[in-house]
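Note that the structure is predicted; figures quoted are calculated from it, not measured.
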Amino acid sequence: MKKLFGIIGAFLLVFAGSVMPAMAADKPIKLAYICNNFNDTFQTYIVDNAKKAAQEAGVAIDVSDSQEDDIRQQDQVNNALLNGVSALLVVPVNTSSVQPMVEAAAKANVPLIFINRNPYTNSAPPKGVYYIGGDSVQMGRVQMERAGELMHGKGNICILMGLLSNESTLLRTEGIKQVIKEKYPNIKILATEAADWQRDQGMNVAENWLTAYGNKINAVLSNNDEMALGATMALSDAGRKDVLVFGNDAIPDALAAIKDGRMSATVMQDPVAQGKGSVELALKILKGEKVPQIDNLPSVLIDKSNAK
């Protein structure tokens, strides 16, 4: 009898070993979407499209807000990995400090997709790490090309910058400066100041510039639409309809401002392509499909001619 039970036990072990990989392969997909800050309006458009894409694909997606806190974001990444997430989708708080989450994802053998903010602008991402979003330098260049045209190649600008810890802040500003150096030597930068992506801070900074520089300001170029809209509020209060305002993102409020003349133009970085695209990218990776590690989406100028 003991011998019989031993044979049955051995058979069950072999059988279990043969079916366990299949069960693992059928494990439901769980995505973790960890955002830098939902107080950034554009980020809400991206995540809404990610959630819609996940729902359409029939996969679970857990969404977290890091509130611009590096440590909080790393904790959220660690918790997601402990909970057996299939893939990480992250809008990094600080693109210069992503290495701990990269190492944690690699150790857990979980693909990591950065969205909207690219930590790897000067180097290739490590294995298992991907990026989908805009090319920040190109966005700044497209913005300044149009500003230079409308300013007829001369005058003074001020630049509203996002959080200084963000790659997109530095690179969008760099794109502006590149175009000035290459094409518009008679355009001068009066001031650059961070307004942390926020509309109210953009308004406060613009008010200070109007006090300091007055009629010397010919245009305000902003790293995003929220700060640009803040600048339009300050300019309206001061009765300054002569100052050109340029944004980035093409959010609905900015499109409305372009249509009614408060803003001159913005640069679209498609939130559908970023949100939906990040989920689709994760699913392709999990299926074992070969995909590019960097997907820079086009930067499209939006003005009155195509704002509709």
Side-chain angles (χ1 to χ4, degrees), residues 41-42 134 136-162 168-169 171-195 197-269 299-308:
T41 304
F42 186 70
S136 290
V137 171
Q138 186 62 19
M139 281 187 263
R141 290 185 64 89
V142 169
Q143 190 184 53
M144 188 62 222
E145 290 278 2
R146 178 49 58 92
E149 291 171 5
L150 295 180
M151 294 172 69
H152 305 290
K154 60 183 180 180
N156 302 310
I157 68 169
C158 294
I159 304 174
L160 282 167
M161 301 175 69
S168 49
T169 293
L171 295 183
R172 290 177 195 179
T173 304
E174 175 60 26
I176 293 169
K177 292 179 178 179
Q178 285 179 5
V179 173
I180 291 174
K181 184 177 180 180
E182 294 166 7
K183 295 185 64 174
Y184 299 115
N186 293 321
I187 292 180
K188 179 183 177 183
I189 299 173
L190 289 178
T192 60
E193 189 168 339
W197 306 118
Q198 302 302 313
R199 191 177 302 196
D200 58 345
Q201 293 188 48
M203 180 178 180
N204 292 338
V205 171
E207 286 174 342
N208 292 336
W209 284 342
L210 287 168
T211 300
Y213 302 108
N215 292 331
K216 291 181 181 179
I217 302 173
N218 303 115
V220 174
L221 278 71
S222 173
N223 288 165
N224 80 339
D225 285 337
E226 283 291 329
M227 297 184 296
L229 289 164
T232 66
M233 294 162 65
L235 291 165
S236 177
D237 289 346
R240 293 291 303 277
K241 296 182 179 180
D242 58 310
V243 179
L244 305 173
V245 179
F246 302 84
N248 261 299
D249 291 340
I251 66 173
D253 284 356
L255 299 180
I258 289 170
K259 291 172 189 175
D260 66 25
R262 287 174 292 130
M263 282 178 60
S264 298
T266 185
V267 181
M268 183 181 75
Q269 49 160 344
S299 300
V300 181
L301 184 82
I302 306 295
D303 59 15
K304 271 193 174 181
S305 70
N306 59 355
K308 290 184 180 180

- Least distance between heavy atoms, Ala195 atom then Gln201 atom: O-CB, 3.3 Å
- Over all atoms of both residues, closest heavy-atom pair of Leu150 and Ser264: CD1-CB, 4.1 Å
- In short, Met139 meets Ser299 closest at the heavy-atom pair CG-OG, 3.3 Å
- Query: side-chain contact (heavy atoms from CB on, under 4.5 Å) between Tyr184 and Met151: does it pass, once the steps are laid out?
  - Reply: CA-CA 10 Å; Tyr184 299 115; Met151 294 172 69; over 6 Å; no
- Query: How far does CG of Leu255 sit from CE of Met263, to the nearest 0.5 angstrom?
  - Reply: 8.5 Å
- Message: Quick check for you: to the nearest 0.5 Å, what is the distance between Met268 atom CE and Asn306 atom CG?
- Response: 8.5 Å
- Query: Do Asn156 and Tyr213 have side chains that get closer than 4.5 Å, going by heavy atoms?
  - Reply: no
- Message: Within the 4.5 Å heavy-atom criterion, are Asn215 and Arg240 side-chain neighbours or not?
- Response: yes
- Note on the structure: One should read off an interatomic distance between Leu221 CG and Thr173 OG1, to the nearest 0.5 angstrom, of 9.5 Å
- Taking all non-hydrogen atoms of both residues into account, name the closest pair between Ile159 and Trp209 and its distance. O-CH2, 3.3 Å
- Among all residues two or more places apart in sequence or in another chain, which pass the side-chain contact (heavy atoms from CB on, under 4.5 Å) test with Lys154? Asn186
- By side-chain hydrogen bond (donor to acceptor under 3.5 Å, both in side chains) - contacts of Ser136 (at least two apart): Glu167
- Message: I'd like to know whether Phe42 forms a side-chain contact (heavy atoms from CB on, under 4.5 Å) with Asn224, so could you lay out the CA-CA distance, the side-chain angles of the two residues, the decisive distance to 0.1 Å, and finally the verdict.
- Response: CA-CA 9 Å; Phe42 186 70; Asn224 80 339; over 6 Å; no
- Query: Can Arg172 and Ile176 be said to form a side-chain contact (heavy atoms from CB on, under 4.5 Å), step by step?
  - Reply: CA-CA 7 Å; Arg172 290 177 195 179; Ile176 293 169; 5.8 Å; no
Distance-only donor-acceptor pairs under 3.5 Å for side chains of residues 140-148, two or more places apart:
{"residue": "Arg141", "atom": "NH1", "partner": "Gln178", "partner atom": "OE1", "Å": "3.0"}
{"residue": "Arg141", "atom": "NH1", "partner": "Glu182", "partner atom": "OE1", "Å": "3.3"}
{"residue": "Arg141", "atom": "NH1", "partner": "Glu182", "partner atom": "OE2", "Å": "3.2"}
{"residue": "Arg141", "atom": "NH2", "partner": "Glu182", "partner atom": "OE1", "Å": "2.8"}
{"residue": "Gln143", "atom": "NE2", "partner": "Ser222", "partner atom": "O", "Å": "2.8"}
{"residue": "Gln143", "atom": "NE2", "partner": "Phe246", "partner atom": "O", "Å": "3.4"}
{"residue": "Gln143", "atom": "NE2", "partner": "Gly247", "partner atom": "O", "Å": "3.0"}
{"residue": "Glu145", "atom": "OE1", "partner": "Lys183", "partner atom": "NZ", "Å": "2.9"}
{"residue": "Arg146", "atom": "NE", "partner": "Glu149", "partner atom": "OE1", "Å": "3.1"}
{"residue": "Arg146", "atom": "NH1", "partner": "Asp303", "partner atom": "OD2", "Å": "2.5"}

- Run the side-chain contact (heavy atoms from CB on, under 4.5 Å) check on Asp249 and Gln269 step by step: do they pass? CA-CA 5 Å; Asp249 291 340; Gln269 49 160 344; 2.7 Å; yes
- Item | Residue pairs fulfilling salt bridge (charged side-chain N to carboxylate O under 4.0 Å, His left out) with at least one residue in residues 255-267, sequence neighbours excluded | Asp260-Arg262
- Item | Partner set under side-chain hydrogen bond (donor to acceptor under 3.5 Å, both in side chains) for Gln198, not counting sequence neighbours | Asn39
- Task: Locate the shortest heavy-atom distance separating Ala307 from Ile302; write the atom from each residue and the value.
- Result: CA-CG2, 3.8 Å
- Query: Should Ile157 and Lys188 count as side-chain neighbours, where that means a heavy-atom distance under 4.5 Å?
  - Reply: no
- Task: Please report the shortest heavy-atom distance between Val205 and Ala194, naming the atom on each side.
- Result: CG2-O, 4.1 Å
Do any side-chain atoms of residues 225-238 form donor-acceptor pairs under 3.5 angstrom with protein atoms, and if so which ones, sequence neighbours left out?
{"residue": "Asp225", "atom": "OD1", "partner": "Asn248", "partner atom": "N", "Å": "3.0"}
{"residue": "Asp225", "atom": "OD1", "partner": "Thr266", "partner atom": "OG1", "Å": "2.7"}
{"residue": "Asp225", "atom": "OD2", "partner": "Ala250", "partner atom": "N", "Å": "2.6"}
{"residue": "Asp225", "atom": "OD2", "partner": "Ile251", "partner atom": "N", "Å": "3.0"}
{"residue": "Asp225", "atom": "OD2", "partner": "Thr266", "partner atom": "OG1", "Å": "3.3"}
{"residue": "Glu226", "atom": "OE1", "partner": "Arg199", "partner atom": "NE", "Å": "3.0"}
{"residue": "Glu226", "atom": "OE1", "partner": "Arg199", "partner atom": "NH2", "Å": "3.4"}
{"residue": "Glu226", "atom": "OE2", "partner": "Thr41", "partner atom": "OG1", "Å": "2.8"}
{"residue": "Glu226", "atom": "OE2", "partner": "Arg199", "partner atom": "NH2", "Å": "3.2"}
{"residue": "Thr232", "atom": "OG1", "partner": "Leu229", "partner atom": "O", "Å": "2.6"}

